[in-house]
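Numbering starts at 1 and runs along the sequence shown. Note that ligands are numbered from 1 as they come in the structure, with each ligand's atoms numbered from 1 the same way.
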Amino acid sequence: MRKTQGDCLFCKIASGEAKVPFVYEDEHVVAFDDISPKAAVHTLIVPKEHIENLNDEPSSELLSNVFGAVPAVAHIKGIDETGYRIIQNNGDDARQTVHHLHVHMQGGEQLPE
Ligand code: AMP
Ligand code: ZN
């Protein structure tokens, strides 16, 4: 599996080629606000390594890097105390539109049931 994919939007964002302000960055992960927010806070957490979704069997290390960043991102966004939802879409029926694994963090208000 390639580490990055040339035609992938989130590879371009994560590498800095496409300029998007980062909420958070570490060695393995970036986070940035969703361009089309579905909640008061809607931030995406994205591994720098390209992998399409969970069907590609990401390593436990990659998953740990993504989920390990969650508390820091929630704290930066000011929603760690109030709560948040994590969503991760895989494939067409889930309406995955960007084929680079990512998790959505939503919060900042009472979310729908
Ligand atoms: P998904 O449907 O799970 O693949 O989610 C992809 C998300 O990426 C959607 O919520 C889009 O609004 C978001 N998105 C697409 N392009 C950008 C962009 N340039 N910057 C930030 N978010 C984006
Ligand atoms: Zn990618």
Side-chain angles (χ1 to χ4, degrees):
M1 191 177 312
R2 283 168 291 177
K3 293 272 181 190
T4 61
Q5 193 164 287
D7 58 352
C8 171
L9 173 63
F10 283 2
C11 281
K12 289 191 174 122
I13 290 176
S15 70
E17 185 187 336
K19 298 287 176 216
V20 168
F22 292 153
V23 166
Y24 170 90
E25 179 177 18
D26 65 28
E27 191 184 344
H28 303 290
V29 167
V30 297
F32 50 90
D33 289 334
D34 197 292
I35 201 167
S36 178
K38 305 289 190 300
V41 172
H42 187 171
T43 300
L44 304 172
I45 304 174
V46 179
K48 292 182 178 178
E49 181 178 337
H50 180 88
I51 182 165
E52 180 164 353
N53 60 35
L54 293 180
N55 288 333
D56 279 350
E57 298 181 3
S59 65
S60 54
E61 189 186 350
L62 185 145
L63 292 174
S64 156
N65 291 335
V66 171
F67 281 92
V70 163
V73 174
H75 183 69
I76 290 164
K77 295 302 294 185
I79 59 172
D80 50 336
E81 300 287 336
T82 46
Y84 51 87
R85 181 174 287 163
I86 294 292
I87 300 166
Q88 191 270 320
N89 295 320
N90 298 275
D92 291 343
D93 280 359
R95 301 183 187 275
Q96 182 180 6
T97 57
V98 177
H99 297 278
H100 177 132
L101 187 144
H102 54 280
V103 301
H104 298 250
M105 173 180 286
Q106 295 178 343
E109 62 182 332
Q110 186 90 95
L111 297 171
E113 286 183 20

Practice task
Before giving the answer on salt bridge (charged side-chain N to carboxylate O under 4.0 Å, His left out), spell out for E25 and K48 the whole-Å C-alpha distance, their side-chain angles and the decisive distance to 0.1 Å.
Solution key: CA-CA 10 Å; E25 179 177 18; K48 292 182 178 178; 2.9 Å; yes

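The protein non-hydrogen atom at the shortest distance from atom 7 (C) of ligand 1 is D34 OD2, 3.4 Å. Summary of contacts: the protein heavy atom closest to atom 2 (O) of ligand 1 is R95 O, 2.9 Å. Of all protein heavy atoms, the one closest to atom 16 (N) of ligand 1 is L9 CD2, 3.4 Å. Atom 4 (O) of ligand 1 has its closest protein heavy atom at T97 N, 2.7 Å.
Residue contacts with ligand 1 do not include K38, since none of its heavy atoms lies under 4.0 Å from the ligand. Using a 4.0 Å cutoff on heavy atoms, D33 counts as a contact of ligand 1. Residue V20 places no heavy atom under 4.0 Å from ligand 1. The closest approach between Q88 and ligand 1 stays at or above 4.0 Å for every heavy atom of the residue.
Around the Zn ion (ligand 2), the protein contributes the following N, O or S atoms at distances under 2.8 Å: C8 SG, C11 SG, H50 ND1, H100 ND1.
If you run side-chain contact (heavy atoms from CB on, under 4.5 Å) between I45 and each of V66, V23, N65, only V66 comes through. None of V73, I79, D34 except one satisfies the side-chain contact (heavy atoms from CB on, under 4.5 Å) rule with T43; the exception is V73.
Distance check, rounded to the nearest 0.5 Å: NE2 of H102 to CD1 of I87 gives 10.0 Å. Once rounded to the nearest 0.5 Å, the distance linking CG of L63 with CD of E57 reads 11.0 Å. Remark: M105 CE to D33 CG distance equals 11.0 Å, nearest 0.5 Å. If you take OG1 on T97 and CG on L9, they are separated by 9.0 Å, rounding to the nearest 0.5 Å.
Classification of the F32-F22 ring pair by plane angle, with boundaries at 30° and 60°, yields tilted. Between H42 and H104, the angle of the ring planes lies from 30° to 60°, which puts this pair in the tilted group.
Proximity to Q96 (heavy-atom distance under 4.0 Å) selects the following atoms of ligand 1: 2 (O), 4 (O). The distance from ligand 1 to the heavy atoms of S36 drops below 4.0 Å at these ligand atoms: 12 (O). Under a 4.0 Å criterion applied to the non-hydrogen atoms of F10, ligand 1 contributes the atoms 8 (O). For ligand 1, the atoms sitting less than 4.0 Å from at least one non-hydrogen atom of L44 are 8 (O), 13 (C), 22 (N), numbered in the order shown with element in parentheses. For ligand 1, the atoms closer than 4.0 angstrom to any heavy atom of H104 are 1 (P), 3 (O), 5 (O), 7 (C), 10 (O).
When only interatomic distances are considered, the shortest N/O to N/O separation between I13 and ligand 1 does not fall below 3.5 Å. Remark: ligand 1 and I35 share an N or O pair separated by less than 3.5 Å (distance only, no angle test). Taking any N or O of H102, backbone or side chain, at least one lies under 3.5 Å from an N or O belonging to ligand 1.
Judged purely by atom type and a 3.5 angstrom limit, D56 has no side-chain atom pairing as donor or acceptor with the backbone of P58.
What you find for V29 and A69 is that their closest heavy atoms are CG1-CB, 4.0 Å. Shown here for Y84 and D80, the closest heavy-atom pair between the two residues is CE2-CA, 4.2 Å.
Q88 places a side-chain heavy atom less than 4.5 Å from the side chain of L101.
Within a 6.0 Å sphere centred on CD of E109, heavy atoms belonging to other residues, nucleotides or ligands number more than 12.
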